[in-house]
Enquirer: 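Attaching a single structure in structure tokens format; questions to follow.
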Amino acid sequence: MRVRFAPSPTGALHIGGARAALYNHLAARGAARRGEPSQFVLRIEDTDRERSTPENVEQILDALQWLGLDWDEGPISQVSHEARHREVVEDLLTRGLAYRTTATADDVRAYKDEHGADKGFRGTDQGEGAIRLHVPEGELVVHDLIRGDTTFQNVHMDDPVIARADGSPLYNLAVAVDDIDAEITHVIHGEDHLSNTPKQLLVYSALGKEPPLFAHLPLLHGPDGKKLSKRHGAASVQELRDAGYLPEAVINYLALLGWGDSDDETILSREELEERFDVGKVTKHPARFDETKLRWLNGKYLRALSVDELTDRLEQHTGRTGLRGAVEISQEKISTFHDFWPLAGFFFDGPKTDDQKARDQWLDDDGRKTLAAARDALGVLDPFSLEAVEQTLRELPATLEVKPKQVFQPVRVALAGTTVSPGIFESAALLGKDETLRRIDAAIASPGT
RNA sequence: GCCGCCAUCGUCUAGGGGACUAGGACGCUGCCCUCUCACGGCGGAAACCGGGGUUCGAAUCCCCGUGGCGGUACCA
């Protein structure tokens, strides 16, 4: 099996593109596991000279690497094959299968007004202008692994332009030729290409080649059911990375977005995905990209990481060091990298100052009295260990004849400046005796209302 | 307009004529755990787009309708 991912470098790697890449990759690696020699080819579809830039290519390669989607061949620039494409075009011209015409899009429209909207444009050779392929009579059948056969009546198809007036090849010609030359066996790509496929079939048949197997993946939509785009938040792989997601979670989520097998497992390793994935079982309908489930999945993967591993990644993501202690006691409370700092930043930046409500509620007169008692009890501890802190604070409610919460929350607000934090004993132990006492003193000195 | 694809809980899906009182997951929700928030555990509500067929029997097959989406470039 030989598959390819062929993005056009017109921007960042879109999530839909990443999913297409993943499905190709899983298909190839899965087949390889079953003993079938398989390759995943990366080709850059850069024949659109206006929009294709080296920066965009770089972005796409970065994103694929981040996701762990490695390729066996490439990246191959489609433009680098231009000579070959021109040669094919010449050949088709010589054999009378293609012709030159100066007809423009407007002319095509005019032709249809005259011949009926359901009659495709048919031109004649004018010796100059763009190069179009003659569409024969009959019908073309796309054999699709996901949706079965789709039949297109040739009369509806305009003679497709395969090269510009200057001879530069266009997408439908270049794709087919490159897939033939690269001996691609399975073309797995977006459903937006479904209506292009008959045109490519024409090229295959003009060249006397057997077409590959096709699989047209349904498109991805945003939460509102509209085509996924920037305004839905994260729409590209780099945005997901920046938002603090783990690549392994993104892979798992994407794999299950539009595909599922009879097994009800949700958490699937790369290996399991490769073993189980079957492109024929991809759903036929579009799927909505919903970040909620990705968040949950990401939390699962995050918690499965060792403290060292998570610390390492978090330090890379935040550019800070010395996070291990805070990471250890925050791990079960965060779902993405981005959740970390809002939760644990107070260890490093001091208590939060933007939660007046918490101060008002817990640092009132009663609260500060409790804090004073806590300060006295903690002040004599030596060593200031987690066990000692916990034992000391746990004894306080009974001594003061108040509810546990009335001790723990004021302490929490004193240390963190807010009512949400990692465990209070762990937090105090991590801050250490001096800092803990300093923060409690500060809270007693500057009360709420 | 024309061509084409699609349609199961709010979301992602399982289902390929009887095993369906339609299963799982996220989310929502009740309880438990509990120093906050989470995590975790145990429950709950929640769907076959509509109408015709075919059949002893349809979520599953066919037709029509409706709705969504894609294409309709000398873009990819």
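Protein chains get the first letters and strands the later ones, always in sequence-line order, with residue 1 at the start of each. The shown structure was predicted, so the numbers you read here are calculated from the model rather than taken from an experiment.
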Enquirer: Can you name the salt bridge (Lys or Arg N to Asp or Glu O under 4.0 Å) partners of E272(A), sequence neighbours left out?
Expert: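 With sequence neighbours excluded, E272(A) shows a salt bridge (Lys or Arg N to Asp or Glu O under 4.0 Å) to no residue whatsoever.
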
Enquirer: Heavy atom of residues 127-149 of chain A under 4.0 Å from RNA chain B: which residues?
Expert: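 Correct list: A130(A), R132(A), R147(A).
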
Enquirer: Paired with rC61(B) by Watson-Crick or G-U wobble geometry, both distances under 3.5 Å: which nucleotide is it?
Expert: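 Pairing partner: rG53(B).
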
Enquirer: Classify the nucleic acid contact of E426(A) as base, sugar-phosphate or nothing, counting any heavy atom under 4.0 Å across all strands shown.
Expert: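 Base: the residue E426(A), judged by heavy atoms under 4.0 Å, touches a nucleobase.
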
Enquirer: Could you tell me how far apart D355(A) (CG) and rU36(B) (P) are, to the nearest whole angstrom?
Expert: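 Computing the D355(A):CG to rU36(B):P distance gives 16 Å.
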
Enquirer: Only counting residues at least two apart or in another chain, list the ones meeting salt bridge (Lys or Arg N to Asp or Glu O under 4.0 Å) with E390(A).
Expert: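 E390(A) satisfies salt bridge (Lys or Arg N to Asp or Glu O under 4.0 Å) with R394(A) only.
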
Enquirer: What interatomic distance, in whole Å, is found between C1' of rC37(B) and the corresponding atom of rC20(B)?
Expert: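 Here rC20(B) and rC37(B) have their C1' atoms 40 Å from each other.
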
Enquirer: Within residues 190-199 of chain A, find the residues that approach RNA chain B with a heavy atom at under 4.0 Å, and present them sorted by residue number.
Expert: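 Of all residues in residues 190-199 of chain A, the ones placing a heavy atom under 4.0 Å from RNA chain B are E191(A), D192(A), H193(A), L194(A), S195(A), N196(A).
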
Enquirer: Rounded to whole Å, how long is the line connecting atom CG of N252(A) with atom C1' of rA25(B)?
Expert: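 So the CG-C1' distance, N252(A) to rA25(B), works out to 11 Å.
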
Enquirer: Pick the P atom in rU8(B) and in rC69(B), then give their distance to the nearest Å.
Expert: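 Nearest-Å result for rU8(B) against rC69(B) at atom P: 15 Å.
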
Enquirer: Assign a letter to each nucleotide of nucleotides 10-16 of chain B from its 5' end: B, base within under 4.0 Å of a protein heavy atom; S, sugar-phosphate only; -, no contact.
Expert: -SBSSS-

Enquirer: Which pairs, with at least one residue in residues 158-167 of chain A and sequence neighbours excluded, count as a side chain to side chain donor-acceptor pair (under 3.5 Å)?
Expert: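 Matches after skipping sequence neighbours: Y99(A)-D159(A), K112(A)-D158(A), R122(A)-D159(A), R164(A)-S168(A), D166(A)-S168(A).
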
Enquirer: Polar pairs (N or O, both sides) under 3.5 Å between protein and nucleotides 40-50 of chain B?
Expert:
residue: rG40(B); atom: OP1; partner: K300(A); partner atom: NZ; Å: 2.9

Enquirer: Would you mind reading off the distance between E265(A) atom CD and rG23(B) atom P, rounded to a whole angstrom?
Expert: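 Nearest whole value for this atom pair: 18 Å.
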
Enquirer: Mind running side chain to side chain contact (heavy atoms under 4.5 Å, CB included) on L240(A) and L294(A) for me, showing each step along the way?
Expert: CA-CA 10 Å; L240(A) 292 180; L294(A) 173 58; 4.0 Å; yes

Enquirer: Could you tell me the separation between the NZ atom of K357(A) and the P atom of rU36(B), rounded to a whole number of Å?
Expert: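 Taking atom P of rU36(B) as the reference, NZ of K357(A) is at 16 Å.
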
Enquirer: Please report the distance separating the P of rA45(B) from the corresponding atom of rG52(B), rounded so that it comes out in whole Å.
Expert: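 Going atom to atom, P in each nucleotide, I get 30 Å.
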
Enquirer: Look at the side chain of S421(A) and decide which nucleotide, out of rA76(B), rC35(B), rU36(B), has an atom nearest to it.
Expert: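 The answer is rU36(B).
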
Enquirer: Contact class for P422(A) vs. all strands (heavy atom < 4.0 Å): base, sugar-phosphate, or nothing?
Expert: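 Base, at least one base atom sits under 4.0 Å.
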
Enquirer: Which residues pass the side-chain hydrogen bond (donor to acceptor under 3.5 Å, both in side chains) test with T318(A), not counting sequence neighbours?
Expert: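 Applying side-chain hydrogen bond (donor to acceptor under 3.5 Å, both in side chains) to T318(A) gives none.
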
Enquirer: Pick the C1' atom in rU21(B) and in rC39(B), then give their distance to the nearest Å.
Expert: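 About 34 Å, rounded to a whole number of Å.
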
Enquirer: Do H156(A) and F152(A) have ring centres separated by under 6.0 Å?
Expert: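 No, too far apart.
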
Enquirer: If the C1' atom of rG43(B) is compared with that of rC33(B), how far apart are they to the nearest Å?
Expert: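 About 15 Å, rounded to a whole number of Å.
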
Enquirer: Closest approach to the side chain of D158(A), judged atom by atom: which nucleotide of rC35(B), rU72(B), rC74(B) is it?
Expert: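 So the side chain of D158(A) is nearest to rU72(B).
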
Enquirer: Can you check the distance between rA22(B) and rG10(B), where both ends of the measurement are the P atom (answer in whole Å)?
Expert: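 Between the two P atoms, the distance is 15 Å.
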
Enquirer: Is the distance between the ring centroids of Y23(A) and W259(A) less than 6.0 Å?
Expert: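 Ring centroids of Y23(A) and W259(A) are no less than 6.0 Å from each other.
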
Enquirer: Rounded to the Å, how far apart are Y171(A) OH and rU72(B) P?
Expert: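 Distance check: Y171(A) OH to rU72(B) P gives 11 Å.
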
Enquirer: State whether R164(A) places a side-chain N or O below 4.0 Å from either non-bridging phosphate oxygen (OP1 or OP2) of rC75(B).
Expert: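 Affirmative; the distance criterion is met.
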
Enquirer: Among rC69(B), rC3(B), rU36(B), find the nucleotide with the atom closest to the side chain of L219(A).
Expert: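 Nearest to the side chain of L219(A) among the choices is rC69(B).
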
Enquirer: Can you tell me if R394(A) touches the phosphate of rC35(B), counting only side-chain N or O atoms and a distance under 4.0 Å to OP1 or OP2?
Expert: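 Yes, within the criterion.
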
Enquirer: From CG of L297(A) over to C1' of rG27(B), roughly how many Å is that when rounded to an integer?
Expert: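 Result: 14 Å.
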
Enquirer: Now, which nucleotide makes the Watson-Crick or G-U wobble pair with rA7(B), with each of the two distances under 3.5 Å?
Expert: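 Across any shown strand, rA7(B) pairs with rU66(B).
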
Enquirer: Provide the closest heavy-atom pair for H81(A) versus D178(A) in the form atom of the first, atom of the second, distance.
Expert: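 For H81(A) versus D178(A), the nearest heavy atoms are ND1-OD1, 3.1 Å.
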
Enquirer: Just call it for T47(A): base, sugar-phosphate, or nothing, with non-hydrogen atoms closer than 4.0 Å on any strand.
Expert: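 Here T47(A) touches the backbone only, sparing every base.
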
Enquirer: Counting only Watson-Crick pairs (N1-N3 plus N6-O4 or O6-N4) and G-U wobbles (N1-O2, O6-N3), all under 3.5 Å, who is the partner of rC42(B)?
Expert: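 When the pairing criteria are applied, rG30(B) turns out to be the nucleotide that pairs with rC42(B).
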
Enquirer: Using the ring pair (Phe, Tyr, Trp, His ring centres under 6.0 Å) criterion, which residues pair with Y301(A)? Sequence neighbours excluded.
Expert: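 Result, ring pair (Phe, Tyr, Trp, His ring centres under 6.0 Å) vs Y301(A): none returned.
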
Enquirer: Output all residues satisfying side-chain hydrogen bond (donor to acceptor under 3.5 Å, both in side chains) with T10(A), sequence neighbours left out; order by chain, then residue number.
Expert: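 Applying side-chain hydrogen bond (donor to acceptor under 3.5 Å, both in side chains) to T10(A) gives none.
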
Enquirer: What is the distance from CZ of F121(A) to P of rA73(B), rounded to the nearest Å?
Expert: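 Atom CZ in F121(A) sits about 12 Å away from atom P in rA73(B).
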
Enquirer: Per the atom types in the model, does the base of rC5(B) pair as donor or acceptor with the side chain of K284(A) at under 3.5 Å?
Expert: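 For K284(A), whose side chain was compared with the base of rC5(B), there is no donor-acceptor pair (under 3.5 Å).
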
Enquirer: Please give the distance between the C1' atoms of rG16(B) and rC62(B) as a whole number of Å.
Expert: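 Roughly 16 Å separates the two C1' atoms.
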
Enquirer: Does any pair with a residue in residues 131-140 of chain A pass salt bridge (Lys or Arg N to Asp or Glu O under 4.0 Å), and if so which ones, sequence neighbours excluded?
Expert: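 For residues 131-140 of chain A, and leaving out neighbouring residues, there are no salt bridge (Lys or Arg N to Asp or Glu O under 4.0 Å) pairs at all.
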
Enquirer: Of the options rC35(B), rC26(B), rU36(B), whose atoms approach the side-chain atoms of T292(A) most closely?
Expert: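 Shortest atom-to-atom distance from the side chain points to rC26(B).
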
Enquirer: Only one of H189(A), H186(A), H143(A), H193(A) clears ring-ring contact (aromatic ring centres under 6.0 Å, His included) with H216(A); which?
Expert: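 Among the candidates, only H189(A) passes.
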
Enquirer: Would you confirm whether T436(A), through its side chain, and A428(A), through its main-chain N or O, come within 3.5 Å as a donor-acceptor pair?
Expert: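 Judged by distance alone, yes, a pair lies under 3.5 Å.
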
Enquirer: When the P atoms of rG53(B) and rG15(B) are considered, how many whole Å apart are they?
Expert: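 One P to the other, the span is 30 Å.
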
Enquirer: Keeping the roles fixed (side chain from E274(A), backbone from E271(A)), state whether a donor-acceptor pair exists under 3.5 Å.
Expert: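 It does not hold such a pair.
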
Enquirer: Let's test this: given Watson-Crick or G-U wobble pairing with both distances under 3.5 Å, identify the partner of rU21(B).
Expert: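 Base partner found: none.
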
Enquirer: Parallel, tilted or perpendicular: which fits the ring planes of Y253(A) and F289(A), with parallel below 30° and perpendicular above 60°?
Expert: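 It falls in the perpendicular class, over 60°.
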
Enquirer: Report the base-pairing partner of rG1(B) (Watson-Crick or G-U wobble, both distances below 3.5 angstrom), or none.
Expert: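 Base-paired to rU72(B).
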
Enquirer: Check for a donor-acceptor pair, side chain of R100(A) on one end and backbone N or O of E128(A) on the other, with a separation under 3.5 Å.
Expert: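 No, the answer is negative, given that no donor and acceptor are paired below the 3.5 Å cut-off.
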
Enquirer: Is it the case that the side chains of T104(A) and D106(A) hold a donor-acceptor pair, with the cut-off being a distance below 3.5 Å and no angle test?
Expert: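 Per modelled atom types, D106(A) and T104(A) side chains form no pair under 3.5 Å.
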
Enquirer: Output yes when a side-chain donor or acceptor of Q409(A) lies under 3.5 Å from a complementary backbone atom of Q406(A), and no otherwise.
Expert: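 Between the backbone of Q406(A) and the side chain of Q409(A) there is no qualifying donor-acceptor contact (under 3.5 Å).
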
Enquirer: Are any of the side-chain heavy atoms of L378(A) and I440(A) separated by less than 4.5 Å?
Expert: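 A side-chain contact under 4.5 Å exists here.
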
Enquirer: Whole Å only: how far is the CD1 atom of I162(A) from the C1' atom of rA73(B)?
Expert: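 Result: 15 Å.
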
Enquirer: What one-letter contact string describes nucleotides 59-64 of chain B from 5' to 3', where B marks a base within less than 4.0 Å of any protein heavy atom, S marks contact via sugar-phosphate atoms alone, and - marks no contact?
Expert: ------

